[in-house]
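The model shown is predicted, which means the values in this text are computed figures rather than measured ones. A, B, ... follow the sequence lines: proteins, then strands. Residue 1 opens every chain.
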Amino acid sequence: MTVLEGEQLTKRFGGIVAVDDVSFAIDRGETVGLIGPNGAGKSTLFRLISGVQEPNEGTVYLDGNDITGLSPHEICHRGLVRTHQIVRPFETLTLVENAAVGAEFGGRDVDDPEERAHEVLEFVGLDEMAHTTPDELSVGALKRLEIARALATDPEVLLFDEVAGGLDTEETEAIVDLIGDIGDQGKTVFLIDHVMRALMSVSERVFVLDNGSLIASGTPDEIQNDRRVIEAYLGENAGETAGAAGD
Amino acid sequence: MVATDLVVQSLLNGLLLGGIYAVAALGLSLVFGIMDIVNLAHGHMLMVGAYVAITLFTAFGLTPIVGMVVAFVVLFVLGMALQRVVLKRVVGEGMEQPIIVLFGLALMLQSIGRIVVGSDAQATDIGIPGNPVSIGEITLSFPRLVTFVLSLALILGTWAFLKYTTTGLAIRATAQNNAAAQYMGIDTANIYVLTLGIGTGLAGAAGALLSMLFPITPFVGWSYLLKAFAVVVLGGVGSVPGTLIGGLILGVSENVGVLYLGGGFRDIISFTIFVLVLLVRPHGLFGNSGGGE
Amino acid sequence: MVSLTGPFEGLFGDRRRVGLFVVAVLALAVVPYTTTRFVTNIFFNGLVFVLLGVSWNLIAGYTGQISLGHHAFFGLGAFVSAWLTTPMRAGLPESIQSPVLVAVAAAAIVAGLLALVLGPILFRLTGHYFAIGTLAVAAIIQLVLLDQRQFSGGATGYYVSNELEPDVVFLLMLVATVACILVTYAIVNSRAGLGMRAIHDDEDAASSLGINPLRYKMFAFIVASMMAGIAGGFYAQFWLYVNPDSTLAVSWMVDTLVVVVLGGMGSMAGPLLGGALFVALDEGLRQIAGEFAPVIEGALIITFIIYAPGGLYKLLADRFGDAESPAVDEDATTDQSGAE
Amino acid sequence: TLIGDEDDGEGITIAATVPRSGQFSSLGTAVEEGYELGVARMNEELDEEVEIIMHDDESDPEVVSQSLTQITSNNQVDMIWGSFSSVLVTAGSAFAENQGLPFLGAFFAFEGPHRNEGYEWTYSPFPKSRDVARSTQGLLELIPEGERPSNIGIWEANSGWGEEQADYWEETLSGAGYDVVLRETYQLGSEDFSSLISQSASADVEVLLSTPTPPGGITAVTQMQENGWAPQVLKFVRAADPTAWWSGLGEAGAYACMCPGWVPGLTGGGNEQLWSAYEDEYGLDDGELIRTPVGGGYNLAQTALQAVQAADSTDPGAIQDALRSESFETVIGSFSFEDNGLPAEGELTAPTGQWWEGNQHTVYPNADGRGASDFRYPIPSWSER
Amino acid sequence: MTLLEVDSIDVAYGDIQVVWDVSFSVTEGETVALLGANGAGKTTVLKTICGPLTPMAGEVTFDGESIGHLHQDEIVPKGITHIPEGREIFSDSTVRENLRLGAYTNREGMDEQLTRVYDVFPRLEERQGQKAGTLSGGEQQMLAIGRGLMSDPDLILLDEASLGLAPVLVEDVFDAIERINEEGTTVLLVEQDVNNALRIADRGYVLESGRITLSGDAAELADDERVAASYLGG
Ligand SMILES: Nc1ncnc2c1ncn2[C@@H]1O[C@H](COP(=O)(O)OP(=O)(O)OP(=O)(O)O)[C@@H](O)[C@H]1O
Ligand SMILES: Nc1ncnc2c1ncn2[C@@H]1O[C@H](COP(=O)(O)OP(=O)(O)OP(=O)(O)O)[C@@H](O)[C@H]1O
Ligand SMILES: [Mg+2]
Ligand SMILES: [Mg+2]
């Protein structure tokens, strides 16, 4: 059953068409990857979905309702939340407060936001540091904090923009496991990443964006062997890299 | 109904005044745009520059045109010292810290001014004989023409400096990304010192120009600051041509506006325009708004 | 909107602090009866600064919206309360003549309404632009009132009369200040406070986690403006004179900034300490240094910012080590009379 | 409060503030000199010792109020003397009304507060707006009928007094057959008069009347010169009062008329004593005349002296009674007070001074004292000066 | 000939020391990789070489000259360019202006270098008039590298140059680095992508918790099981 749907979405910046007539549908509980060359329009597509920017044309449906043009907090209240490509913690709040923001304001009825905040921190493995501030965290931990905050809103759909970027192997694996766990809880995950071994290992389906347009979609295997995708994005020896991480 | 002559006359008066407004705001705009510091003491620095010119004028009979150069140099040095000794310690501490430091400075300058020169209004005059210039029914004040030309020269000079010199390029780069500028081999600490020097030096020069037209007291700082803000916002922060246009818009709208609304509205007109522009174009008429994430 | 589950836990958790706070308030309460009017005036102004500081801190320190127009709400509050206790002078019907408390309440409400109207417009601006925009709006309000002599008395000002002794007004102001401090404390430690602090740190991130930034900014703005209105209302009733030139002057804003920064921004105790320090500095220096007082004051402000950027609060907290995390500090005690 | 609790009964203590700094600072010294000379005179004539405590009020009404609070908190004050301009004087007066202390205020012409504030303790021995308007008419009538200009221009300061004075001028002068061809408001404190000048030139203004602040007036004349326009008669009430006028403008300031309450050239009413006391105390150079605010301040002391003498007591109520019922004779003339503290209508002539060769001379009414001279008219165009 | 010599440096942020006794050297013409987990101190070492950080102890020598205590503005003209981690670009300037700024210390060679950069990253030429702040993440990364090349350095320090780049581009970037190196520029690079890094590097050092724990030929390291264990997720 479709939970998130984009219909003929287009976003232009001056002469540049960053997102060009993109339509897609994601089923409830699915984990879907989004890849594409730099500047393909991936982050822009996420911004259109999450309400940070409004599309020039097209419609976004969440649970069958039109959410185009709503502001980010309204969309969050309807159960869709995203993380940022560059981490954006609340610097002066402790980790538990960071997470509590999601629990308090996410728009779901949470009995005890603080308890919920500890739960999600526990889940991403940061609960021991609950009372410290983010400036003491490593990049990997900050990315996990982004995820924790998003989870605290108890969302239906999560958009992850490059949560594995810039992480070492160990951290990447931790994130991959985390995304897997989130998927196992029945949440819908839509994620962008250039780290193929991470993305391919968690995604059930993969969309490929090139130059603003959706050029392919399919299972990770199909995508990795798609000529067009290899040319536009993966490159010739991508197979090994992805394979190496195939676990 | 207001006579056409009067409208044209006011328009021209407004333009001449606007040139001065622009130069009075130029330093504020640069420091704001480049260093992201709102120089709350800008008006008071204008005042100091004006007193430099007044002192040279009354003590040595020096024309404020020369006084302007001296005022620039004096304030340039003051600005550099300010950055080197004080401000560099508070930038990056949040926007209110520099604001308070500069407020403290404004308070000091005003009180020192009061102690040193007293609170009587003083002025210079241009020191070159010149009659009002008449074109038909229209009369233009000679000192205003001279100050207008000098203002334009200062603005143009500043613009060319930023646009065409290597140092200017370095200043612009530092404004956008300090860390990156350092990676390019730019000594950004020095650039800041220089920028504040130029910003306050321009305030000094503008003060000297103002002393030719308006009486100066140690208390004029705040009102010039507000005017200068209006110009900066109209023109867009950090934009030199924008500052000129902002100044002209302000001068003209004030002078023509009072013809129709009455003199009591002079400042209300300018601040209302200022707020409207802020709302319609939050980054000024000629500023640009950043996008992306 | 605000869930106030146990907002005062931290505040009343520490007996010593509560004790200090109560002693300070009691000490202030006897000021009008044990000192001269001149000294009472100084303490009254101290209370005004504390209230302005506490309220500005809510919008600027906690919510991160550096308003430079706080004085407009103070000044407007002063005029509204002046009109209500002394309507005839503005040519208003005698029937609206009200007691001091009603007048001050009305001052708060009008200030809040103005914030309600201006907020959505001003909050289209961010950062420095918001600061400058608020400064300009305040200047417009001042100019309009200055021009509307019938209502403001113009440059000559507006004389106020009321039914209360100044000493009583002082006590009411003290009560109002304490109440506003408690309310601010409650807000900061409530759900709304969390939202405000999140907006302070990163508005976009807050928005994507479900916070409606405008709503909480407006909430902080309106509450802060109402408190400034209360301060203004009492100010008019205590001094019995308001003047658009000085009561709406930017110098109030500047002094408020100084109070908060001297005390420590984004902490509850900051404005209290700052208010006490500022008044002591201001008056003390005037007595000692005469015309050099403002020069010394300016130099001290600069020195403070450089060498004690966290303000007096941070200095004391570091020294006596009873600070919590700076944003949620619970040390709301300060001995005002001790700063004299 | 502790204010006024104890009465030592000894001597007379006067609290006063003067604008030593701020926009009226250029007049502060002269006002202070007038007070000092007047207090010396009081000490000579009274058995009791008279002391005056003066603070700087920074030309700020709130400082007026604070300073008076401070002085009365620390001293047994019997009387308060006002500062300068309606803005500062009304602040002092409000304080005095609250405290129930006799208050004397000069250097303001604004009648509004007297009518609206229900004054009981405030008395102003000083010519008021209506007197200024009448004396303006008298001044113009010094010009032979054939040459007399008829086009009046009024620059109305956007203040209560500015409006009141403009109303009186318009009413009095239109009544007398003049044409008020221009009446424009301007913002007090604004420094750009170029629009008003263009408007005046375009309306063919011959007589220019206004009430600017001292710096404002100086700027206005400078800008007239820059724009090559001048009226034939110029009267700037208050702006042309201080010496700063001449030091700021020099010859460009000549011809300007003022109404400072007192002008050198008046005789009687103690003027002779004032001159000799001044010479003794401060000295006068050759050809130098006493600055006008000195006379206004001195006149205040004379009024106080006569009130105390008549009351034969320092009791506030008794002094109040004396002020209400007695007639006074001072360097500015003879007058009594209305109940609201205004000098009784028609009793005071606002003497008009004119700047000439660095001094303020009495040109109206006709006087023959030191410094009196003939009214110089018309003002020549700038190119001929 | 040794171009860069890092001799037992200790580096700290305030009181927190993060680099202990690190020594290594880079010979002229070489490509050397500095590897390590997140937070190992790689960026810190690079920043110590190029100026922003100063070692508490130890010495950095470039071309026979001690540079440990110099600032960036003195170091860049000596021929070291640092392409920083993260996208330190001039967001309000156009792509072209960014590149011009890269040549701040090399104004004569600007045109030549511009051609070279456009050659390596045609995308930048396409977008030369666009405001850099509106480029996509990856485009910004390319710009940062291109800009670093503009000063025509003798030694280039690359911090995670492939971060956020599409796999095809990652290859392109590594190819470009190889080409730059072949043309005579010495390269010191920090990378997460160990495979690619060791593919183009001559030698490598492994940093663990602020200390160098392994070093050797690239080929040796690639085969070293300890490297494989920690970085290749094997
Ligand atoms: N505000 C903007 N103004 C102009 N152009 C923009 C703006 N935002 C994005 N673009 C352009 O739109 C295109 C798509 O950018 P987007 O950030 O969505 O790419 P992306 O797929 O996320 O790339 P990356 O993987 O590098 O992060 C890019 O060419 C970018 O330059
Ligand atoms: N400005 C700073 N202040 C304090 N500690 C810092 C600072 N910058 C980095 N650190 C700490 O120094 C250590 C080394 O950091 P560094 O950035 O050099 O690591 P890195 O190897 O480059 O890691 P990454 O792969 O994440 O880029 C880390 O523990 C980090 O937390
Ligand atoms: Mg992206
Ligand atoms: Mg690093």
**Q.** Closest heavy-atom pair and its distance - C/Leu209, A/Cys76
**A.** C-SG, 3.3 Å

Q. Would you say A/Leu93 and C/Leu194 make side-chain contact, with heavy atoms under 4.5 Å?
A. yes

Q.
Please determine whether the number of non-hydrogen atoms from other residues, nucleotides or ligands lying under 6.0 Å from atom CD of A/Glu74 exceeds 12.
A. yes

**Q.** Shortest non-hydrogen separation from A/Arg82 to C/Ser208 and the atoms involved
**A.** CG-CB, 4.5 Å

**Q.** Side chain to side chain, A/His73 and C/Ile211, heavy atoms closer than 4.5 Å
**A.** no

Q. Is chain C contacted by the side chain of A/Ser71, its backbone, both, or neither, given a heavy-atom distance below 4.5 Å?
A. neither

**Q.** chain A neighbours within residues 113-122 of chain C, where any heavy atom lies under 4.5 Å away
**A.** none

Q: Measure distances from A/Ala100 to the heavy atoms of chain C and classify the residue's part below 4.5 Å as side chain, backbone, both or neither.
A: both

Q.
Quick check for you: among A/Thr133, A/Val52, A/Val101, which has the greatest number of heavy-atom pairs under 4.5 Å with chain C?
A. A/Val101

**Q.** Over 12 foreign heavy atoms within 6.0 Å of NZ, C/Lys314
**A.** no

(Q) As an exercise, state the distance from CZ of A/Arg88 to CG of C/Asp204, rounded to the nearest 0.5 Å. (A) 4.5 Å

Q.
For a side chain to side chain contact (heavy atoms under 4.5 Å, CB included) check, start with the C-alpha distance between A/Phe105 and C/Arg191, then their side-chain angles and the critical distance, and finish with the verdict.
A. CA-CA 9 Å; A/Phe105 297 96; C/Arg191 175 171 188 264; 3.7 Å; yes

Q: Could I get the full list of side chain to side chain donor-acceptor pair (under 3.5 Å) partners for A/Asp66, not counting sequence neighbours?
A: A/Thr68

Q) Between C/Asp201 and A/Thr92, is there a donor-acceptor pair closer than 3.5 Å when you use the side chain of the first and the backbone of the second? A) yes

Q. Of the non-hydrogen atoms in C/Ala205 and A/Arg149, which two are nearest, and what is the gap between them?
A. CB-NH2, 4.0 Å

